[in-house]
Structure formats: C-alpha cells, structure tokens
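These notes concern the structure reproduced below.
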Amino acid sequence: MKKYILSALAAFTLFSCTEDVMDDINKRPDNPSDENVAPSMQISDGIMSVGYNTTSGNIAFYMASYTEQLVGVGYAQLYNAEMRQPSMVASSSTFNNEWNGTYGNILNLKKAIAKSEDGAKFASQVDVRGMAKVMLALSYGNLTDVFGDIPAMESGKDRVKKPKVDSQSDIYVEIFRLLDSALDDFATAKANNLFCAGDQDVLFKGDLAKWESFVYALKARYKLHLIKVEPNAATEALAAAEKAKSLGFDGADIKGFKSYASMSSNPWAAFWGDTQYHASSKTVNDLLLERNDPRQPVYATPWAYNGKVLAADVATPGNRKDSQMVFGTSEGEGFSVPAWLNVYSFDEGEAGSIHLLSKSELFFILAELKIRAKQDYKEDFTTAVAASFDDYSKFGVAVNGSANDYVASLESRLNANAMKEIMIQKYISQCRDEQIEAYNDMRRFDALGESEYYVEKTNTNNKQNGANRWPLRMPYGQSDVIANPEVSNRYGDGFYIFTENVWWAGGRR
C-alpha cells in the first residue's frame with residue numbers, strides 16, 4: 001500500500017511541477033508583468049491604435065466608396081465595394097482586422113483605467129486615466145456608429161469570453177459617462193499637479209486644456225448624431241460645441257508622419273502606396289469645379305507611374321464602362337488621386353496627420369446647429385472652411401486665394417440653401433480622412449428626411465434588382481460571429497446591413 005501512496009504522491013508532485021512550468025512557459029523574465037506597466041506607457045499605443053485601427057484602416061477605406069469621396073479601382077476589394085457586390089459587402093471577414101484591433105485596444109485602455117483607479121498602484125496617474133477614458137469613448141463611438149449594437153461593457157473583462165451585446169442607446173449613455181468622468185479626472189490632475197503623461201501623450205503632449213476642449217468637441221459630435229432620437233440633442237450639441245470653441249479647440253490630430261518610406265507613414269498613404277486602389281471621384285470633383293474651388297488641384301492630381309506622369313482623369317462612382325480602359329486593372333493607373341495619397345508629395349511634419357476630430361468638423365457642427373437654431377452661422381462657417389483650406393494646403397499643391405474670398409463667392413448658394421452648402425463644404429473637407437463622419441452625416445440626413453440638404457449619391461449600383469445595396473451599417477467582425485452566439489445570432493447571413501438602420505438613424509439596433 002505504501003508503494004501505491006508514494007507513487008500517487010510522486011505523480012501529484014510531477015503534475016504540480018508541470019503545471020508550474022506551464023504557467024511560466026510564455027513569460028519572459030526580461031519583460032515586466034502587466035501589473036507593473038504604468039498606464040502612461042500604455043496611452044501612446046491607446047491613441048495610435050484609435051488612429052490606425054478605428055478612425056482609419058479598412059473601415060474608412062470602404063466608407064470612401066460608400067460616400068463617393070473616393071472611388072475604388074483595381075480588381076480587388078474596393079472595386080468589389082464600388083460595384084456593391086452584396087456578398088462581399090456583407091461578409092464578416094471584411095472588417096475583421098479592424099474589429100479585432102479596436103477590441104484589442106479597448107482591452108488595453110480598460111487595463112490602463114483599472115490600474116490608475118483610486119487605491120491602485122498607479123492611482124497618481126489621474127491625467128492618463130482621463131485620456132484613456134476619452135479614447136475608450138471614441139472607440140465605442142466609432143464601433144457603435146458603424147456596427148450598431150456591439151459588445152461593450154463586458155468586453156475586455158477578465159474571464160468573460162463571450163461578452164453580452166449592448167444596445168446602441170446604452171452605449172451612448174456610457175460614452176457620455178466616460179467623457180464626463182474624464183473631465184473630472186483632468187480637473188483632479190490639475191488641482192493636485194498630477195501630470196504623468198508627458199510625451200507619451202502623442203496627441204497633446206500632456207496639455208490637459210487641449211484634452212478638455214477635445215472632450216467637448218466629442219460631446220458635440222455624439223449629441224449631433226442623436227438629434228432624431230432625443231428632443232434636446234441639438235441644443236446640447238450646440239452648447240458642447242460652443243464650450244469646445246471657447247476652450248480653443250484646434251483639432252485632435254496625430255501628427256509627425258514623414259513619408260511612405262517611414263515606418264510611421266500615414267495609413268491612407270501607406271495603403272494607396274501599396275495598392276493604388278483609390279482614385280479621385282467625379283462626385284467630389286464636380287462640386288469643386290462648379291464652385292471654382294481652389295482645393296480642386298489638390299483633390300485631383302496626376303501621378304507618376306513607371307516614371308510617366310499620367311492624365312488626371314477622375315473616376316465615376318460605380319461606372320462599369322470605365323473598365324474598358326483602366327477601371328478594374330491591377331492598379332489605378334490613368335486616374336487622378338488626391339495629393340495626400342501620393343506619398344512622395346509629403347513633407348516632414350503635419351502633412352500626414354490623422355484626424356481624430358478636426359477643427360473644421362467642430363466649426364461645421366456649429367454652423368449646422370446655428371442654422372437649425374436660426375442663429376448667425378457665417379463666422380463659424382468661414383472658420384470651418386479656412387481650417388479645411390489650411391489642411392489641403394499642406395500637400396505640395398498650391399491652394400490659391402483666401403478662405404474669406406472663397407466664402408464670399410458662395411454667397412448666392414448660401415442665400416438659396418445655407419444648410420445644403422454647409423454640408424457640401426463639410427463633405428469636401430472630410431474627403432481628407434474623415435469618411436466615417438461623412439458616412440454618419442449621410443445616414444443622419446437620410447433618417448431626418450433631409451437628404452436634399454446633403455450630397456446626392458450617384459453610384460447606380462446602390463440599387464440592384466429593386467433591392468438596396470448601399471449599406472446602412474457594417475457587418476460584425478468574423479472572430480465574434482464565430483465565437484460569440486449573441487453576435488452570431490444578430491449577424492445571420494449579414495444581409496441585415498442593407499435593411500436595418502442603426503438606432504440613432506431610426507432603427508432598432
């Protein structure tokens with residue numbers, strides 16, 4: 001009997017030792033454990049990931065086709081999007097990388113917040129905690145605006161493998177809670193001289209006044225989205241936008257990119273440099289030409305291919321006839337492109353910046369809301385256009401004339417239909433890299449029954465055999481469609497994206 005007991009003890013000991021080894025096998029002794037990594041060391045990645053995975057990346061690249069701010073060319077995914085091929089548009093694999101990248105960053109941000117809560121090891125990093133809350137709110141906002149109901153509150157929690165799906169209305173409540181809580185954190189940090197972020201804050205270099213103005217600009221954006229479903233949303237959006245303006249909001253832009261050859265190149269330029277899958281759109285170019293707009297040469301520039309400068313033809317959204325020449329070739333040769341996609345025109349500095357929320361967006365929000373409130377909008381409208389002129393002018397192509405003179409030339413259009421001209425100018429401004437917000441505006445005006453005030457969609461593939469093929473939302477990411485039954489049940493075959501609006505646009509989810 002003793003022999004069996006000793007054998008059992010030996011087996012148990014061996015099993016326990018094996019378990020200990022397995023626990024440690026993937027740990028690097030030269031790599032600090034997660035609990036010892038300061039939140040200030042996480043916020044850089046938290047900000048950059050929002051810029052690359054959430055506001056840019058594949059979602060925005062596709063949106064450019066849906067909004068007609070760019071045209072997808074080349075026999076690849078963006079050509080298929082341009083043709084509105086329904087099975088591809090509705091596929092859960094289309095945005096899986098951005099879905100996973102954003103949720104990975106949500107986990108990072110939630111860990112940073114938890115490690116800096118009161119009583120935690122890094123409780124003094126109150127400023128970083130506020131920044132992480134802002135980035136979390138922005139991540140939730142981008143995801144829910146694009147996908148509708150999503151896993152949110154339980155996502156990133158320990159041992160929650162299949163987080164529940166939250167309603168968009170509840171997520172919006174959480175967005176505003178996070179933004180208000182961030183303002184409290186910034187106030188606490190300033191009152192107690194707790195400034196820990198420093199240069200790890202790649203957005204504002206630790207300047208909390210700029211963070212506060214950004215929070216109010218975000219509140220204005222998200223309240224604006226709700227004007228169909230909340231009676232006081234327009235009033236609250238205007239108040240938040242005025243507060244951001246009074247605090248000196250000058251844009252939330254990730255800056256410092258150099259060129260495509262750099263490892264830190266702008267994601268739009270990097271994508272186009274590798275694929276040439278985008279071209280300038282006739283929809284935008286016509287708007288610019290009709291207005292004798294000095295930004296037109298920046299939007300539609302010729303580019304060199306194999307040492308030859310090609311003609312600056314613009315592409316017609318969804319026009320299959322173009323395929324007889326160059327539409328649908330392996331690259332977009334023969335079409336003009338916006339100068340910001342031609343990486344070789346980039347100078348060091350701000351040229352390749354990523355807008356998380358631009359100065360022009362805030363002032364276009366002010367102009368729109370003041371029209372709705374029957375207030376004078378001209379000053380804010382002029383500031384918005386001037387910010388767009390400044391943005392376009394960074395790309396090596398002259399923007400001749402002043403924004404004031406240009407706005408003066410729009411007088412007859414503004415007198416005839418001020419709201420429409422404001423939204424056209426916002427649409428032109430957002431061609432740079434703000435396609436997600438342009439997509440939100442397009443759906444918002446459709447939902448309000450005000451589509452006549454927005455840019456008309458011209459792609460004839462939006463309707464096929466009597467069915468809508470312009471997506472009202474994007475399909476969930478494949479990883480959760482496979483692994484999370486709550487997401488899988490909502491996804492079905494994916495074709496709900498053509499029939500169901502998101503909640504704030506009058507839908508159910």
Side-chain angles (χ1 to χ4, degrees), residues 55 67 69 210 213-214 216-225 227 234 237-253 284 287-288 290-296 298-299 338 340 350 353-395 399 401-415 417-442 444-445 453-455:
T55 61
T67 63
Q69 289 168 306
K210 291 183 177 180
S213 71
F214 182 30
Y216 282 104
L218 284 170
K219 291 177 79 169
R221 171 195 281 180
Y222 291 122
K223 282 295 180 182
L224 181 70
H225 292 173
I227 61 176
L238 180 55
E242 290 282 24
K243 182 68 172 178
K245 176 183 174 180
S246 71
L247 291 172
F249 181 73
D250 196 40
D253 309 330
V284 177
L287 294 172
L288 294 167
E290 288 165 5
R291 289 159 176 77
N292 195 26
D293 194 307
R295 292 168 291 183
Q296 190 275 336
V298 184
Y299 176 76
W340 54 83
E350 297 183 10
S353 65
I354 300 174
H355 293 124
L356 301 184
L357 196 157
S358 68
K359 179 178 180 177
S360 61
E361 180 186 343
L362 174 69
F363 282 88
F364 279 122
I365 289 173
L366 281 163
E368 177 193 337
L369 291 171
K370 286 183 177 179
I371 286 283
R372 294 186 183 279
K374 295 181 171 54
Q375 298 177 20
D376 183 17
Y377 66 89
K378 280 286 184 69
E379 181 182 344
D380 293 312
F381 176 64
T382 303
T383 301
V385 174
S388 177
F389 269 44
D390 181 59
D391 194 37
Y392 269 65
S393 70
K394 294 183 173 77
F395 297 96
V399 176
S402 73
N404 285 334
D405 290 342
Y406 177 70
V407 170
S409 74
L410 301 174
E411 191 69 24
S412 62
R413 295 178 183 276
L414 291 166
N415 289 337
N417 194 331
M419 180 68 84
K420 185 175 183 68
E421 191 58 32
I422 287 169
M423 297 314 299
I424 285 174
Q425 292 298 324
K426 185 179 182 184
Y427 173 85
I428 292 170
S429 170
Q430 292 183 324
C431 285
R432 237 276 273 141
D433 66 349
E434 298 173 278
Q435 281 73 12
I436 293 177
E437 273 311 298
Y439 177 66
N440 290 337
D441 281 338
M442 196 168 275
R444 181 167 62 87
F445 273 77
Y453 295 135
Y454 206 76
V455 177

Does atom [atom1] of [X] have more than 12 heavy-atom neighbours, drawn from other residues, nucleotides or ligands, at distances under 6.0 Å?
{"X": "Lys243", "atom1": "NZ", "result": "no"}
{"X": "Asn292", "atom1": "CG", "result": "no"}
{"X": "Tyr453", "atom1": "OH", "result": "no"}
{"X": "Glu290", "atom1": "CD", "result": "yes"}

Are side-chain N/O atoms of Ser358 and Glu434 paired as donor and acceptor at under 3.5 Å?
yes
Hydrogens and angles aside, do Tyr406 and Asp293 bring a side-chain donor and acceptor to less than 3.5 Å of each other?
yes
Side chain to side chain, Ile227 and Arg444, heavy atoms closer than 4.5 Å:
yes
Min side-chain heavy-atom separation Tyr427-Asp441 under 4.5 Å
no
Between Ser429 (side chain only) and Gln425 (backbone N and O only), is there a donor and an acceptor less than 3.5 Å apart?
no
Between the side chain of Lys210 and the main-chain N/O of Phe249, is any donor-acceptor distance below 3.5 Å?
no
On a heavy-atom basis, which atom in [X] and which in [Y] lie closest, and how many Å separate them?
{"X": "Leu356", "Y": "Arg221", "answer": "O-NH2, 3.0 Å"}
{"X": "Asp376", "Y": "Lys370", "answer": "O-CD, 3.4 Å"}
{"X": "Ala241", "Y": "Leu366", "answer": "CB-CD2, 3.5 Å"}
{"X": "Val407", "Y": "Leu414", "answer": "O-CD1, 4.3 Å"}

Less than 4.0 angstrom from a charged side-chain N to a carboxylate O is my criterion; do Asp380 and Lys245 meet it?
yes
State whether Phe445 and Arg372 meet the cation-pi test: NZ (Lys) or CZ (Arg) under 6.0 Å from the six-membered ring centroid, and within 45° of the perpendicular axis.
yes
Check against side chain to side chain contact (heavy atoms under 4.5 Å, CB included), Glu437 and Phe364:
CA-CA 12 Å; Glu437 273 311 298; Phe364 279 122; over 6 Å; no
